[in-house]
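Worksheet for the structure shown next.
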Amino acid sequence: MKPMQPVRGTSDLMPKQKSQMNAVVETATLIANRYGFQDMETPIFEFTEVFSRPLGASSDVVAKETYSFEDRGGTSLTLRPEGTASVMRALISNGLTQSLPQKFFYAGPMFRYERPQKGRMRLFHQFGCEFIGSYNPLADAEIIGCAAMILSDLGVLDKCVLHLNSLGDTKSRDDYRHALITYLSDYKHLLSQDSKRRLDENPLRILDSKAVEDQQIVENAPRLPEFLTPQATEHFDQLTAALDTAEIDWHLDPTLVRGLDYYSHTAFEFITQALGSQGTVLGGGRYDGLSATLGGPDIGAVGFAAGIERLALLVDQTDEFIYDVGVILADDSASSVGFAFANKLRSCGLKVDIPLAGQVGKKLKRAALVGCSLCIIIGETEIKTDTIQVKIMATGEQKQLTQIEVVEFAQKFFEQKQESI
RNA sequence: GCGGGUGUAGCUCAGUUGGUUAGAGCGCCAGUUUGUGGUAUUGUAUGUCGCCGGUUCAAAUCCGGUCACUCGCCCCA
């Protein structure tokens with residue numbers, strides 16, 4: 001029994017779901033190309049340090065969510081939990097730090113050992129864009145603009161709200177962090193269990209805690225914007241000005257925080273209410289500190305990653321018909337002629353099915369079921385007269401034509417059908 | 001990792017206080033229609049009642065464990 005089901009947190013991508021995900025990746029690719037992002041791919045596993053160093057050993061992702069293992073040589077490897085660190089590592093490995101900026105996009109599987117939920121799998125897929133080599137706030141705007149356009153083209157933008165925040169530069173954040181810890185320590189005994197833990201590990205997280213007792217304390221806590229350096233404020237203002245001018249709606253969300261250490265300045269998430277508690281459909285921010293953590297030079301960079309499965313869940317699903325034409329074999333004597341003719345139609349670009357089971361009626365039924373709007377019928381009679389029956393499924397109309405006429409007729413039929421859509 | 005819910009046919013689900021042959025709708029397959037689909041009608045079939053163990057004369061039903069799914073927390077895509 002056990003081997004018959006997939007591993008917990010993984011699932012088979014059956015044709016329906018797979019095609020929905022393909023559609024998401026296709027439009028994301030289209031838009032990313034317009035912005036000049038180029039497709040790339042990194043290995044799905046890396047030396048463990050590639051993730052543990054930049055993400056921070058205490059971060060949840062590294063502490064309890066990575067799939068790490070030793071290979072036969074005793075080297076510690078980790079299945080990638082996210083894409084950004086790998087992309088930055090690849091940039092450094094390939095000596096591209098001398099030819100900045102670089103703009104990449106990627107799509108592929110990610111792995112996180114978590115408790116599965118709707119929209120949260122242990123094996124899932126992300127699409128991401130990285131704009132590496134600029135400190136300019138306009139780069140942030142380009143990233144968010146690209147993200148928004150992808151969501152818009154997928155028809156899900158109006159189901160999402162763009163939450164935006166600035167974490168400030170390193171100095172802003174350190175100052176704020178200290179002030180926050182000082183403030184919260186006085187109330188430590190009143191904080192929720194989770195938040196007591198967070199006080200040491202990731203105090204900024206307490207700001208968006210869902211526990212009521214925390215929210216009351218947080219209400220009077222020092223606010224991050226007050227600690228932003230003038231440069232950080234300036235960066236944020238320029239970004240929001242660009243977004244406003246481009247008419248990209250955003251919501252200031254001071255509680256929006258990134259769990260990973262290397263983030264600075266801009267942080268954003270497109271959040272939907274439609275997916276339960278896994279509402280973040282696309283998230284990203286600026287990660288100026290990442291390159292240095294990996295041993296590279298200081299490089300400014302921004303990026304985002306989107307959950308492909310989550311997006312596919314939001315996209316309106318339309319059933320697409322698999323076939324155009326059904327070739328109905330009335331009897332076995334028509335097999336070889338029918339097969340050859342089906343191939344002739346296929347080489348004209350049509351999707352052709354040859355139902356194999358049952359009598360003529362059964363085969364027609366089958367053809368109708370899989371979307372054929374045209375059926376051709378071949379049997380002993382047709383072979384004798386060197387003709388073919390063509391049936392228009394919508395009207396039931398049927399005519400007798402020669403092979404060549406049928407090909408012309410079919411091509412014309414589907415051209416018109418295409419135009420009428 | 002923590003807490004709640006669920007697990008009966010391909011799908012959606014019913015199954016009364018434990019009681020013998022486990023049901024419905026949809027779908028599937030076949031016939032009405034031996035070379036003509038969508039509608040209609042008739043009929044057939046389908047299940048280790050998630051798995052393992054326990055209580056009992058008797059378990060789909062009660063108990064324990066386990067696996068999976070699901071919702072919330074944590075965290076994030």
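Throughout, protein chains are lettered first and strands after them, A, B, ... in sequence-line order, and every chain is numbered starting at 1. Atoms considered below: every heavy atom in the structure, side chains included; atoms not considered: hydrogens, waters and symmetry mates.
Separating the CD1 atom of A/I392 from the P atom of B/rG37 is a distance of 17 Å, rounded to the nearest angstrom. Residue A/I376 contributes atom CD1, which lies 18 Å from atom P of B/rG37 at whole-angstrom precision. For A/L275 and B/rU70, the CG to P distance is 13 Å, given to the nearest whole Å.
Between A/K391 and A/E397, no side-chain nitrogen of the basic residue sits less than 4.0 Å from a carboxylate oxygen of the acidic one, so the salt-bridge criterion is not met.
Nucleic acid contact for A/G326: none, since no nucleic acid atom lies under 4.0 Å from a heavy atom of the residue. Nucleic acid contact for A/I328: none, since no nucleic acid atom lies under 4.0 Å from a heavy atom of the residue.
Annotation: salt bridge (charged side-chain N to carboxylate O under 4.0 Å, His left out) contacts of A/D353 (sequence neighbours excluded): none.
No N or O donor and acceptor, one from the side chain of A/K118 and one from the base of B/rU70, sit under 3.5 Å apart.
Comparing B/rU36, B/rG72, B/rC75 by their closest approach to the side chain of A/R120 singles out B/rC75. Which of B/rU36, B/rG35, B/rA77 sits closest to the side chain of A/E114 comes down to B/rA77. When each of B/rC28, B/rC69, B/rC75 is scored by its nearest atom to the side-chain atoms of A/R8, the top-ranked nucleotide is B/rC69.
Within residues 359-366 of chain A, the residues having any heavy atom closer than 4.0 Å to RNA chain B are, in order of number, A/V360, A/G361, A/K362, A/L364, A/K365.
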Distance-only donor-acceptor hits, side chain of residues 281-290 of chain A, under 3.5 Å, sequence neighbours excluded:
{"residue": "A/R286", "atom": "NE", "partner": "A/D140", "partner atom": "OD1", "Å": "3.1"}
{"residue": "A/R286", "atom": "NE", "partner": "A/D140", "partner atom": "OD2", "Å": "3.2"}
{"residue": "A/R286", "atom": "NH1", "partner": "A/S134", "partner atom": "O", "Å": "2.9"}
{"residue": "A/R286", "atom": "NH1", "partner": "A/D288", "partner atom": "OD1", "Å": "2.8"}
{"residue": "A/R286", "atom": "NH2", "partner": "A/S134", "partner atom": "O", "Å": "3.1"}
{"residue": "A/R286", "atom": "NH2", "partner": "A/N136", "partner atom": "O", "Å": "3.4"}
{"residue": "A/R286", "atom": "NH2", "partner": "A/D140", "partner atom": "OD1", "Å": "2.7"}
{"residue": "A/Y287", "atom": "OH", "partner": "A/E130", "partner atom": "OE1", "Å": "2.5"}
{"residue": "A/D288", "atom": "OD1", "partner": "A/A301", "partner atom": "N", "Å": "3.1"}

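Counting heavy atoms from C-beta outward, A/Q126 and A/Y106 have side chains that approach closer than 4.5 Å.
The nucleotide B/rG25 finds its pairing partner in B/rC11, both defining distances of the Watson-Crick or G-U wobble pair being shorter than 3.5 Å. Both distances falling under 3.5 Å, in either a Watson-Crick or a G-U wobble arrangement, place B/rA40 opposite B/rU32.
A gap of 15 Å separates the P atoms of B/rU61 and B/rA9, to the nearest Å.
A/S19 and A/N22 form no side-chain donor-acceptor contact under 3.5 Å, judged by distance and modelled atom types alone.
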